[in-house]
Asker: 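My questions will all concern the structure given below.
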Amino acid sequence: MPTAIPADKAWELKLIFLRELEATHQKARQHFDELLVRPDSRSALMGIRDFFHKIAGTSYAADLALLGHLAAVCEQACELIPQGASAAPVLPLVRDGMAGVASVLESFKTVPTPPTAMLSEQGLVQPGIGEERVLSKILVVDDDPFSANLIDTCLRSAGFMSSYCTDANKALDAIAAELPDLIVLDVVMPGIDGFDLCRRVRAHPAMQLTPIIFVTRKGDVDQRVAGLEAGGNDYIAKPFEPQELVARVRSHLQRLSALRDMAIRDGLTRCYNHKYFKVRLNQEIARCRRYKCGLALGLLDVDHFKAINDTHGHQVGDVVLAQLGNLVQATVRATDVVARYGGDEFGMLFVEAGAKEANAITVRLLERIAAHRTPVDESGAPSIPVTVSVGVTHLVADDTMETLIRRTDAALYEAKANGRNQVKICL
């Protein structure tokens, strides 16, 4: 049993494996009986192949390695029979494999039934987290409940926020509703296989960058290539090592986080960009109205920035903006939002604050900026003093985003007209 899984959960997983094995064993017996009568039945042969395929991929995790080796041999033997040929040559081996499964089931007849609450009727277990997404959300899609539960348990044990689905059609609905950050997807599933499901996920506008990790049979190069061509990002082979699964998931989530960050950050100042700031402003206005809390907006403009560029060059101007962005972010509260609004202008969104609180923060900011000096170069030349002008206003009952920005911009213009290096509040 993989050591990354807690002992109590490992035992539960073993019970689930045995329950699923018993449920599918009867169907496999029917396929075998059909082969005894009609050795050329391709559907019966493939039914037995799929039965042993699932066992070979999951027995190791249920601490039944010997059964897994036997199933792998039987699976490969079934695949060696060409289309239209008789399965008679492999029937003795398949008979031994079926007997091995029956023996395992017989030895565990006294094992108690696992609690039904472990599996949702819809095949989807929702994580017990609040409305706000704090952790990355992972969805595991596998028609085998044991395999799905195994992967889900490994991820949860590593601290991830994970859920699983055992029906491909329901998985599509879950993906559209939840927009997971990463999907672990089995290849062999009835109806919609993993490749088709991947292509459908990639067709969703919001899922273009979502990492998809395929779970494939060990050594199956064709499946790996097909998965990558369908839009997958990576693969992991059954039976898998939990440490490898966790490492691959963590790597893809870190890369996704970096891509998302690039999409909403200004490359020079590392503050949020104009587009994201507008989105957040709309969201905060709606939240302010819902919860009856305060909201203030500030616009900051560098005084005589054109003269800095003309005198010292645009490289120095970039340094001024980058250091100014750091100062603003370090001065406002952790809950506030800072963005490069455009050129040498910065936007500040003061969440759950009125004009007085925003004024106190911006006055402190002006003092810190006035005390700061931006070096011209590394030669020891005199540094540049920088000052800023700030306009501030707060949300009122009939405000829209446009009227709030317009009043704040008017306050900024008044601060500049009155001599700069000051804060002007428009109530």
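Since the structure is predicted, the reported quantities are computational estimates derived from the model, not experimental observations. Note that these values count all heavy atoms, side chains included, but never hydrogens, waters or copies made by symmetry.
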Asker: Applying salt bridge (charged side-chain N to carboxylate O under 4.0 Å, His left out), which residue pairs with at least one partner in residues 82-94 are found, sequence neighbours left out?
Answerer: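 Residue pairs with at least one partner in residues 82-94: there are none.
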Asker: List the residues meeting side chain to side chain donor-acceptor pair (under 3.5 Å) with Arg270, not counting sequence neighbours, and say none if there are none.
Answerer: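 Testing Arg270 for side chain to side chain donor-acceptor pair (under 3.5 Å), a comparison that skips the adjacent residues, returns Asp261.
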Asker: Is any side-chain heavy atom of Val188 less than 4.5 Å from a side-chain heavy atom of Lys54?
Answerer: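 In short, these two side chains do not touch, never coming nearer than 4.5 Å.
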Asker: Output, in order, the C-alpha distance, side-chain angles, deciding distance and verdict of side-chain contact (heavy atoms from CB on, under 4.5 Å) for Leu256 and Leu182.
Answerer: CA-CA 9 Å; Leu256 177 65; Leu182 183 143; 6.0 Å; no
Asker: Please determine whether side-chain contact (heavy atoms from CB on, under 4.5 Å) holds for the pair Thr374 and Ile308, giving the CA-CA distance in whole Å, both sets of side-chain angles, and the decisive distance to 0.1 Å.
Answerer: CA-CA 11 Å; Thr374 302; Ile308 294 175; over 6 Å; no
Asker: What do the steps show when you test Glu345 against Asp409 for side-chain contact (heavy atoms from CB on, under 4.5 Å), and what is the final call?
Answerer: CA-CA 11 Å; Glu345 195 170 5; Asp409 200 49; 4.0 Å; yes
Asker: Among residues at least two apart in sequence or on other chains, which ones pass side chain to side chain donor-acceptor pair (under 3.5 Å) with Arg200?
Answerer: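 Listed in chain order: Asp196.
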Asker: Can you see whether Arg368 engages Thr331 through a side-chain donor-acceptor pair at a distance of less than 3.5 angstrom?
Answerer: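 Thr331 and Arg368 do have a side-chain donor-acceptor pair below 3.5 Å.
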Asker: For the CG atom on Leu66, are there more than 12 heavy atoms of other groups (residues, nucleotides or ligands in this structure) within a distance under 6.0 Å?
Answerer: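 No, CG of Leu66 has 12 or fewer neighbouring heavy atoms, counting only those of other groups under 6.0 Å.
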Asker: Does Phe32 have more than 12 heavy atoms from other residues, nucleotides or ligands lying within 6.0 Å of its CZ?
Answerer: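 Yes.
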Asker: Rounded to the nearest 0.5 Å, how far does CG of Leu45 lie from SG of Cys78?
Answerer: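 So the gap between those two atoms works out to 4.5 Å.
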Asker: Have Asn233 and His252 got a donor and an acceptor in their side chains that come within less than 3.5 Å?
Answerer: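 Checked: Asn233/His252 side chains show no N/O donor-acceptor pair below 3.5 Å.
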Asker: Where does the angle between the aromatic ring planes of Tyr341 and Phe277 fall among parallel (under 30°), tilted (30 to 60°) and perpendicular (over 60°)?
Answerer: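 Aromatic pair Tyr341/Phe277 classed perpendicular.
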Asker: Output the distance between atom CD1 (Ile212) and atom CG (Leu185), rounded to the nearest 0.5 Å.
Answerer: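 Rounded to the nearest 0.5 Å, the CD1-CG separation comes out at 6.5 Å.
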Asker: Short question: side chain of Arg156, backbone of Met161 - any donor-acceptor pair under 3.5 Å?
Answerer: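 Answer holds: no.
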Asker: Could Arg265 and Tyr272 be counted as a cation-pi pair, given that NZ or CZ must be under 6.0 Å from the ring centre and within 45° of the axis?
Answerer: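 Relative to the ring axis of Tyr272, which defines the angle, Arg265 lies inside both limits.
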Asker: Sub-3.5 Å donor-acceptor pair from the side chain of Glu357 to the main-chain atoms of Gly354, do we have one?
Answerer: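 Side chain of Glu357 to backbone of Gly354: a pair is present.
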Asker: Please confirm whether the backbone N or O of Leu404 pairs with a side-chain atom of Thr408, one donor and one acceptor, at under 3.5 Å?
Answerer: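 Yes.
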Asker: Could you list the residues that satisfy side chain to side chain donor-acceptor pair (under 3.5 Å) with Gln83, not counting sequence neighbours?
Answerer: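 Gln83 satisfies side chain to side chain donor-acceptor pair (under 3.5 Å) with Arg42 once adjacent residues are dropped.
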Asker: Just checking, any donor-acceptor pair under 3.5 angstrom between side chains of Ser389 and Asp301?
Answerer: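 No pair is found: no donor N or O on one side chain lies under 3.5 Å from an acceptor on the other.
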Asker: Taking the side chain as every heavy atom from C-beta outward, state whether Val392 and Asn359 have any atom pair closer than 4.5 Å.
Answerer: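 Counting from C-beta outward, Val392 and Asn359 never come under 4.5 Å.
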Asker: Would Glu284 and Arg280 pass as an ion pair if we require N to O under 4.0 Å?
Answerer: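 Yes, charged N to carboxylate O under 4.0 Å.
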Asker: Identify, with sequence neighbours excluded, every residue that meets side chain to side chain donor-acceptor pair (under 3.5 Å) alongside Glu244.
Answerer: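 Expected list: Arg248.
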Asker: Answer yes or no: does atom CD of Glu79 have more than 12 heavy-atom neighbours from other residues, nucleotides or ligands under 6.0 Å?
Answerer: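 Above 12, so yes.
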Asker: Please collect all salt bridge (charged side-chain N to carboxylate O under 4.0 Å, His left out) contacts where either partner lies in residues 328-337, sequence neighbours excluded, each pair once.
Answerer: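 Of all non-adjacent pairs touching residues 328-337, those that pass salt bridge (charged side-chain N to carboxylate O under 4.0 Å, His left out) are Arg333-Asp336.
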Asker: For the pair Asp144 and Lys238, find out whether any cationic side-chain nitrogen is under 4.0 Å from an anionic carboxylate oxygen.
Answerer: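 Judged by the 4.0 Å cut-off on N to carboxylate O distance, Asp144 and Lys238 do not form a salt bridge.
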